[in-house]
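Take a look at the structure set out below.
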Amino acid sequence: ATLADVRHTQTEAAAWSDYLLGALYAAWHDFERAEPLLRQAISRVAPMGDEATLVPYARRILAWAWIVRGEHALGEETLRSQLSLMVRQGSNLADRTRASLAFSQAMRGRPAEALETLGPAPAGPGAGAAAATTTTFAPEPRALEVALIRSALLLAQGDAAAALQALPPEPALALLAGADGGQRGEAKCAAGQRGYGQRALQAYLA
């Protein structure tokens with residue numbers, strides 16, 4: 001290997017180290033420590049044209065840090081830019097980025113815009129009443145999280161029936177640490193099924 005190759009490898013390794021530590025701090029919501037590390041990771045690799053690997057990851061987390069701090073406009077602008085890049089590249093991060101953008105829009109009280117960002121619900125198990133008794137449906141946790149976001153947005157718009165329809169079946173939601181976050185109970189109450197809804201909320205609280 002040439003000296004340039006060695007330096008490239010060292011720079012890339014340092015960037016990934018910065019990114020992973022920054023991402024860990026971000027997961028703990030310690031954004032004061034996370035942001036400089038993520039910015040440093042980007043500055044290390046951006047000159048090498050590393051737009052397809054590390055940079056999108058770091059920028060997405062930076063955007064989320066800004067959103068959590070209330071800097072929605074800056075965070076959403078970054079997420080839109082990254083989403084455009086990821087869609088062009090066919091990146092598996094596109095759905096995560098789209099969900100983060102929709103969540104930010106929902107936090108700002110714009111459920112209709114957030115639903116438009118998420119796009120149509122995928123066809124198949126988990127997206128309808130017929131799936132409510134399905135026990136073999138086991139999608140990726142990210143797909144479940146997106147379904148929960150969609151359901152919450154529909155409920156925010158006052159469409160309790162559609163919110164219930166959007167929820168995956170209960171066995172599938174067992175994959176998530178927080179299950180459905182109480183959304184099924186809330187939607188049932190909003191739909192006039194108060195007995196079932198209250199029991200579901202009590203079970204979630206327990």
Side-chain angles (χ1 to χ4, degrees), residues 23 26-31 60-61 63-73 75-76 79-80 83 92-206:
W28 294 338
H29 282 204
D30 187 346
F31 298 122
R60 186 177 63 85
I61 295 176
W64 186 244
W66 294 327
I67 287 166
V68 171
R69 287 199 312 231
E71 299 177 57
H72 290 271
E76 289 179 16
L79 288 175
R80 286 192 187 93
L83 181 58
N92 58 7
L93 277 178
D95 286 342
R96 291 188 177 190
T97 303
R98 188 177 286 109
S100 295
L101 178 56
F103 200 82
S104 176
Q105 292 163 339
M107 290 169 69
R108 298 176 78 178
R110 290 147 46 190
E113 185 177 348
L115 282 169
E116 185 177 347
T117 295
L118 282 182
T133 57
T134 302
T135 58
T136 57
F137 174 53
E140 291 294 320
R142 177 58 56 174
L144 293 172
E145 291 168 4
V146 171
L148 288 177
I149 293 172
R150 188 186 308 281
S151 176
L153 292 169
L154 290 165
L155 189 57
Q157 286 190 312
D159 194 340
L164 284 170
Q165 189 82 356
L167 281 172
E170 292 183 71
L173 287 169
L175 293 172
L176 300 180
D180 65 8
Q183 284 183 219
R184 194 179 305 276
E186 288 184 45
K188 287 285 187 180
C189 287
Q193 303 174 37
R194 296 185 181 278
Y196 182 96
Q198 289 175 354
R199 288 193 297 273
L201 286 171
Q202 287 168 351
Y204 171 69
L205 288 172

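All figures in this text were calculated on a predicted structure; none of them were measured in a lab.
In plain terms, the two heavy atoms of Leu167 and Ser151 that are nearest each other are CG-OG, 3.4 Å. Between Ile67 and Gly75 the shortest heavy-atom distance is CG1-CA, 3.9 Å.
For Glu113, the side-chain contact (heavy atoms from CB on, under 4.5 Å) test picks out Arg80, Gln105, Arg110, with sequence neighbours left out. When the side-chain contact (heavy atoms from CB on, under 4.5 Å) test is applied to Asp95, the partners found at least two apart in sequence or on another chain are Arg98. Every residue two or more places apart in sequence or in another chain that forms a side-chain contact (heavy atoms from CB on, under 4.5 Å) with Ala152 is listed here: Gln183. With sequence neighbours excluded, the residues satisfying side-chain contact (heavy atoms from CB on, under 4.5 Å) with Ser100 are Arg60, Trp64, Leu79.
Under a cut-off of 6.0 angstrom, the local environment of CZ in Phe31 is crowded, with over 12 non-hydrogen atoms contributed by other residues, nucleotides or ligands. Around atom CD of Glu116, no more than 12 heavy atoms belonging to other residues, nucleotides or ligands sit under 6.0 Å away.
Residue pairs meeting the ring-ring contact (aromatic ring centres under 6.0 Å, His included) criterion with at least one partner in residues 179-202, sequence neighbours excluded, do not occur; the list is empty. Listed by first then second residue, pairs satisfying salt bridge (charged side-chain N to carboxylate O under 4.0 Å, His left out) with a partner in residues 186-206 number zero, not counting sequence neighbours.
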Using the side-chain contact (heavy atoms from CB on, under 4.5 Å) rule, take Leu154 and Gln165 through it: C-alpha gap first, then chi angles, then the decisive distance, then the call.
CA-CA 10 Å; Leu154 290 165; Gln165 189 82 356; over 6 Å; no
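Within the model, atoms OG1 of Thr117 and CD1 of Ile149 stand 11.0 Å from one another, a figure rounded to the nearest 0.5 Å. Annotation: the span from Leu148 atom CG to Arg184 atom CZ amounts to 9.0 Å, rounded to 0.5 Å.
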